[in-house]
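As a basis for the values below, the full set of heavy atoms in this structure was taken, side chains included, without hydrogen atoms, waters or symmetry mates. Order of listing sets the numbers, starting from 1, for every ligand and every atom in it.
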Amino acid sequence: MFIVTAKEMYDIDHYTMQTIGYGNLLMENAGRAVAEKITKIISKEEPISVFVGTGHNGGDGYVVARTLWNIGYDIEVIQVGENEKLKPEVRFHKQLFINCRGTVHVAVDDETLQHVFTNKKVVIDALIGIGLTENIREPIATAISLINKEAEMIVSVDIPSGLPSDEGNLSSIAIQAHHTITIGAPKMSMFIPSTEDFYGNWDVVSIGHSPFVFEKYTNRIMITKELFQQTMPRRKKSAHKGDHGRGLIIGGCDNMPGALAMAVKAALKTGRD
Ligand SMILES: NC(=O)C1=CN([C@@H]2O[C@H](COP(=O)(O)OP(=O)(O)OC[C@H]3O[C@@H](n4cnc5c(N)ncnc54)[C@H](OP(=O)(O)O)[C@@H]3O)[C@@H](O)[C@H]2O)[C@@H](O)CC1
Ligand SMILES: [K+]
């Protein structure tokens, strides 16, 4: 599995949409794949509030809302930001949701937000994804702090809103998610000590990117157990411990022998002589 920065993900999305030709399909794929995962986490009995921003992360949120609504979930959307700021693809998906008789509340400032924010126990967070810039502004800041304070279950779409995608510290405030369903590939900040805890349990959904496009734009891969196992030489059942070479470990220091001891232990465990 590849690990990406925000810039790499934008390049990968752009190539997939423009050169391969997915166009608007990519966002539909993303929202549907995220919704599918959500059905495994949240039951139809729970009323769900989907918080959407005006960027493409919000567009994913509208697709998630429509997909869940059409299979019988109790869904409402709270759009944080003016209609005029909606990106065209987001506007399109908002209209589809409304055409399916979905409900949207629009909150353009922190006062309206406080007003609509009652009893939001289960929240899907699609306020901001990888497009975060500088410190969080109002009314998104109020939305994030109300969600963190009130919600008992928060599922973030792509990344918890307010969190940087790459290396770097939290600038002001971010969603503290219970689950994050990330789109296409894990983001760098999932592996950085100061930001990884915000993700909660995370999962990756595949939305139609081809592996060669990832290879074109990134060379960072996640070493999974399966991948590591593939790098191990195959041993015959009848092999003798001397059949597969010998290992020599050089290192250590008087008062810090830990790394050396661990290397020796690992070598013995993996069958070195
Ligand atoms: N078709 C596609 O491209 C696909 C994209 N995909 C999805 O799109 C996401 C990337 O979308 P994106 O580039 O539109 O950025 P996004 O994360 O929505 O953020 C922009 C919004 O955040 C706001 N905002 C930013 N900083 C802020 C701050 N400090 N404080 C407050 N507000 C702030 C900003 O507000 P503005 O600056 O305009 O006022 C704007 O509303 C990606 O994560 C994935 O989920 C997938 O579906 C695959 C297909
Ligand atoms: K988000």
Quiz item: When only distance counts, is D13 in polar contact with ligand 1, meaning an N/O pair under 3.5 Å?
Solution: no

Quiz prompt | Candidate with minimal heavy-atom separation from atom 18 (O) of ligand 1, of N57, I183, L86 | solution = N57

Self-check item: Pairwise side-chain contact, M190 with W202, heavy-atom cut-off 4.5 Å (strictly under)
Solution: yes

Quiz item: Is any NZ, NE, NH1 or NH2 atom of the basic residue among E28 and R32 found under 4.0 Å from an Asp or Glu carboxylate oxygen of the other?
Solution: yes

Practice problem: Please confirm whether I207 comes within less than 3.5 Å of ligand 1 when only nitrogen or oxygen atoms on both sides are compared. | Solution: no

Quiz prompt | Protein heavy-atom partner closest to atom 36 (P) of ligand 1 - residue, atom, separation in Å | solution = R137 NH2, 3.3 Å

Exercise. If you have a sec, read the angle at the K ion (ligand 2) from V157 atom O over to I159 atom O, to 10 degrees.
Key: 70°

Quiz prompt | Contacts of Y73 that satisfy ring pair (Phe, Tyr, Trp, His ring centres under 6.0 Å) - sequence neighbours left out | solution = none

Quiz item: Can you find a side-chain donor-acceptor pair between N83 and Q79 that sits under 3.5 Å?
Solution: yes

Quiz prompt | Those atoms of ligand 1 less than 4.0 Å from some heavy atom in E89 | solution = 1 (N)

Quiz item: Between Q95 and N99, is a side chain to side chain donor-acceptor pair (under 3.5 Å) present by the stated rule, with each step listed?
Solution: CA-CA 6 Å; Q95 196 56 52; N99 293 349; 3.0 Å; yes

Quiz item: Would you say V157 and ligand 1 have an N/O pair spaced under 3.5 Å apart?
Solution: no

Quiz item: For atom 2 (C) of ligand 1, what is the nearest protein heavy atom, given as residue, atom name and distance?
Solution: M17 CE, 3.8 Å

Self-check item: Any donor-acceptor pair under 3.5 Å from T182 side chain to D158 backbone
Solution: yes

Practice problem: Could you tell me whether K216 and D11 have a side-chain N and a carboxylate O separated by less than 4.0 Å? | Solution: no

Practice problem: Specify side chain, backbone, both or neither for D158, according to which of its non-hydrogen atoms lie closer than 4.0 Å to ligand 1. | Solution: side chain

Quiz item: With no hydrogens and no angle check, do the side chains of T16 and D13 hold a donor and an acceptor under 3.5 Å apart?
Solution: no

Self-check item: Atom pair CD1 (I38) and NZ (K40), whose distance is rounded to the nearest 0.5 Å
Solution: 11.0 Å

Quiz item: Does any non-hydrogen side-chain atom of V4 lie less than 4.5 Å from one of K187?
Solution: yes

Self-check item: Sub-4.0 Å protein heavy atom next to atom 34 (C) of ligand 1
Solution: no

Quiz item: Where on M9 is there a heavy atom closer than 4.0 Å to ligand 1, on the side chain, on the backbone, on both, or on neither?
Solution: neither

Quiz item: Got a sec: is D125 within less than 3.4 Å of the K ion (ligand 2) via an N/O/S atom?
Solution: yes

Quiz prompt | Any N, O or S atom of G61 closer than 3.4 Å to the K ion (ligand 2) | solution = no

Practice problem: Check N24 against ligand 1 and report side chain, backbone, both or neither, counting heavy atoms closer than 4.0 Å. | Solution: neither

Quiz item: Looking only at protein heavy atoms, which one is nearest to atom 39 (O) of ligand 1, and how far off is it?
Solution: K85 NZ, 2.5 Å

Quiz prompt | Numbered atoms of ligand 1 (with element) below 4.0 Å of N135, judged on heavy atoms | solution = 28 (C), 29 (N), 30 (N)

Quiz prompt | Other cluster members, I144 - Ile/Leu/Val/Met/Phe/Trp/Tyr, side-chain contacts below 4.5 Å | solution = F51, I78, V80, L113, V116, F117, V123, L127, I128, L132, I136, I140, L146, I147, I154, I173, I175

Quiz item: Looking at the K ion (ligand 2), is one of the N, O or S atoms of S161 less than 3.4 Å from it?
Solution: yes

Practice problem: Looking only at protein heavy atoms, identify the closest one to atom 14 (O) of ligand 1 and say how far it is in Å. | Solution: K87 NZ, 2.6 Å

Quiz item: So which heavy atom in the protein is nearest atom 13 (O) of ligand 1, and how far is it from that ligand atom?
Solution: Y10 OH, 2.5 Å

Quiz item: What residue and atom, counting heavy atoms only, is the protein's closest point to atom 24 (N) of ligand 1, and at what distance?
Solution: I128 CD1, 3.8 Å

Practice problem: Using a strict 4.0 Å threshold on nitrogen-to-oxygen distance, state whether E76 and K120 make a salt bridge. | Solution: yes

Practice problem: Name the closest protein heavy atom to atom 8 (O) of ligand 1, giving the residue it belongs to and the distance to 0.1 Å. | Solution: H56 CB, 3.0 Å

Exercise. With atom 47 (O) of ligand 1 as the reference point, say which of V34, L26, D60 has the nearest heavy atom.
Key: D60

Quiz item: Would a 4.5 Å heavy-atom cut-off, applied to side chains only, mark D125 and V155 as touching?
Solution: no

Quiz item: Is there any N or O on G129 that sits under 3.5 Å from an N or O of ligand 1?
Solution: yes

Practice problem: Please say whether G131 places an N or O atom under 3.5 Å from an N or O atom belonging to ligand 1. | Solution: yes

Quiz item: Between S189 and Y199, do the side chains contain an N or O donor and an N or O acceptor separated by less than 3.5 Å?
Solution: yes

Practice problem: Confirm or rule out an N/O/S atom of A126, from backbone or side chain, lying less than 3.4 Å from the K ion (ligand 2). | Solution: no

Quiz prompt | Heavy atom of the protein closest to atom 26 (N) of ligand 1 (residue, atom name, distance) | solution = T133 N, 3.0 Å

Quiz item: Which of the numbered atoms in ligand 1 are below 4.0 angstrom from a heavy atom of T54?
Solution: 40 (C), 41 (O)

Quiz item: Stepwise, does the side chain to side chain donor-acceptor pair (under 3.5 Å) test hold for D109 with T112?
Solution: CA-CA 6 Å; D109 52 35; T112 340; 2.3 Å; yes

